[in-house]
J.: 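Once you've had a glance at the structure underneath, I'll fire off some questions.
Within every chain, numbering begins at 1; the chains are lettered A, B, ... in the order of the sequence lines, protein sequences first and strands thereafter.
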2 protein chains.
Amino acid sequence: MKNPIENLNKVFESRIRLGVMSALMVNEEMNFNDLKQLLEVTDGNLATHLNMLEENSYIKVHKGFIGKKTNTTYSVTKAGEKSFKNHLNALEKMIHNIE
Amino acid sequence: MKNPIENLNKVFESRIRLGVMSALMVNEEMNFNDLKQLLEVTDGNLATHLNMLEENSYIKVHKGFIGKKTNTTYSVTKAGEKSFKNHLNALEKMIHNIE
DNA sequence: TTATTAACTTTGTATTACAAAGTACTTTTT
DNA sequence: AAAAAGTACTTTGTAATACAAAGTTAATAA
């Protein structure tokens, strides 16, 4: 038997970062508030996780406006997409080994 | 869009506990050393994670012998199986939403 | 009798998670 | 014009986790 977790990515161990990535894979881009409401987290907590994803270059931030209101959006980078898919693959292998 | 992480189980957020459960779903029972080698973790670390799984009644411990040598084995409980499958389902839904 | 193995527990440190409050800037409401 | 509210944070503080390393106990093998 082979180590079932060796290809899992530490960064995606967190439920919230998993949720952010998952949402951004489906949505192209989302802003702070949408993510906050979707994942039901506090500002500070979300900001921390977004920071960690950005520091790993898995997402990128775009500060813009809607009319005159600030609107910060987040989207996955190429690297983020690659790493996340890799992680999902590892999860899938683990799951299929079981079912 | 619905919160993609609301059905994920906090206990299974950890890579190592995920690995333990995954191994025990496939193997019926495994002992301390087999798990340790499979998951490539230190004694203390593994013991802690096994404890947490046991406290949640997701695994049960059986202290036995092979000949005269002690042999502690671990296996998933019904509750553990149910909760873990639930978690995997939530993961699968998340993944399929993406791919 | 010394060394080794199994399965831990204890100790200590570093990292992480999270909530809550604070901040800066703008916009809407009164 | 003043007050309230919204956006997107940062800061602060605390509690929980993760993990390695060393210590422990009891048995067995050399």
J.: Please walk me through it: do B:Asn9 and B:Tyr58 pass side chain to side chain donor-acceptor pair (under 3.5 Å)?
T.: CA-CA 12 Å; B:Asn9 188 329; B:Tyr58 290 163; 3.3 Å; yes

J.: Under 4.0 Å between any heavy atoms, over every strand shown, what does B:Phe65 touch: base, sugar-phosphate, or nothing? Just pick one.
T.: nothing

J.: As an exercise, state the distance from CE of A:Met52 to CZ of A:Arg17, rounded to the nearest 0.5 Å.
T.: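 Those atoms lie 4.5 Å apart.
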
J.: Whole angstroms only, please: what is the CE-C1' distance between B:Met52 and C:dT9?
T.: 15 Å

J.: From the set C:dT9, C:dA6, C:dA7, return the single nucleotide nearest to any side-chain atom of B:Lys69.
T.: C:dA6

J.: Hey, does the side chain of A:Asn3 reach the backbone of B:Leu38 with a donor-acceptor pair shorter than 3.5 angstrom?
T.: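 Checking the backbone N and O of B:Leu38 against the side chain of A:Asn3, a donor-acceptor pair under 3.5 Å is found.
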
J.: How close or far is atom P of C:dA7 from atom CE of B:Met30, stated in whole angstroms?
T.: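 Rounded to the whole Å, the gap is 12 Å.
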
J.: Work out which heavy atom in B:Met30 is nearest to a heavy atom in B:Asn27; give both atom names and the distance.
T.: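 Answer, listing the atom of B:Met30 first, then B:Asn27: SD-ND2, 3.6 Å.
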
J.: Indicate yes or no: does B:Lys2 engage B:Glu6 in a salt bridge with an N to O separation below 4.0 Å.
T.: yes

J.: Take atom NZ of B:Lys36 and atom P of C:dT5, then tell me their distance rounded to the nearest Å.
T.: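 Taking NZ of B:Lys36 and P of C:dT5, I get 10 Å after rounding.
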
J.: In whole Å, I'd like the distance from the CD atom of A:Glu40 to the C1' atom of C:dC18.
T.: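 So the CD-C1' distance, A:Glu40 to C:dC18, works out to 15 Å.
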
J.: Quick one: list whatever passes salt bridge (Lys or Arg N to Asp or Glu O under 4.0 Å) with B:Lys82, sequence neighbours left out.
T.: none

J.: Mind running side chain to side chain contact (heavy atoms under 4.5 Å, CB included) on A:Arg15 and A:Leu39 for me, showing each step along the way?
T.: CA-CA 9 Å; A:Arg15 258 165 54 267; A:Leu39 303 173; over 6 Å; no

J.: Quick check on DNA chain C: between B:Asn71 and A:Asn45, whose nearest nucleotide comes earlier from the 5' end?
T.: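 Comparing both residues, the 5'-ward one is B:Asn71.
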
J.: When the distance from CD1 of B:Ile59 to C1' of C:dC8 is rounded to whole Å, what number comes out?
T.: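 So the CD1-C1' distance, B:Ile59 to C:dC8, works out to 14 Å.
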
J.: Would you kindly give the CG-to-P distance between B:Asn33 and C:dT4, to the nearest whole Å?
T.: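 Answer to the nearest Å: 16 Å.
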
J.: Mind running a 4.0 Å heavy-atom check of residues 1-18 of chain A against DNA chain C and sending the residues that fall below it, in number order?
T.: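 Result for residues 1-18 of chain A: A:Ser14, A:Ile16, A:Arg17, sorted by number.
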
J.: In Å and rounded to the nearest 0.5 Å, what is the OG to CG distance from B:Ser83 to B:Asn56?
T.: 8.5 Å

J.: Specify the separation, in whole Å, of atom CG of A:Asn51 and atom P of C:dA17.
T.: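 A:Asn51 atom CG is separated from C:dA17 atom P by 12 Å.
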
J.: Students should find this one: the first and last nucleotides of DNA chain D, 5' to 3', lying under 4.0 Å from a heavy atom of chain B. What are they?
T.: D:dA18 to D:dT28

J.: If we only count heavy atoms from C-beta on, is the B:Leu88 to A:Ile98 side-chain gap below 4.5 Å?
T.: yes

J.: Roughly, in whole Å, what's the span from CG in A:Asp43 to C1' in C:dA17?
T.: 15 Å

J.: Reading DNA chain D from 5' onward, which residue's closest nucleotide shows up sooner: A:Thr70 or A:Ala47?
T.: A:Thr70

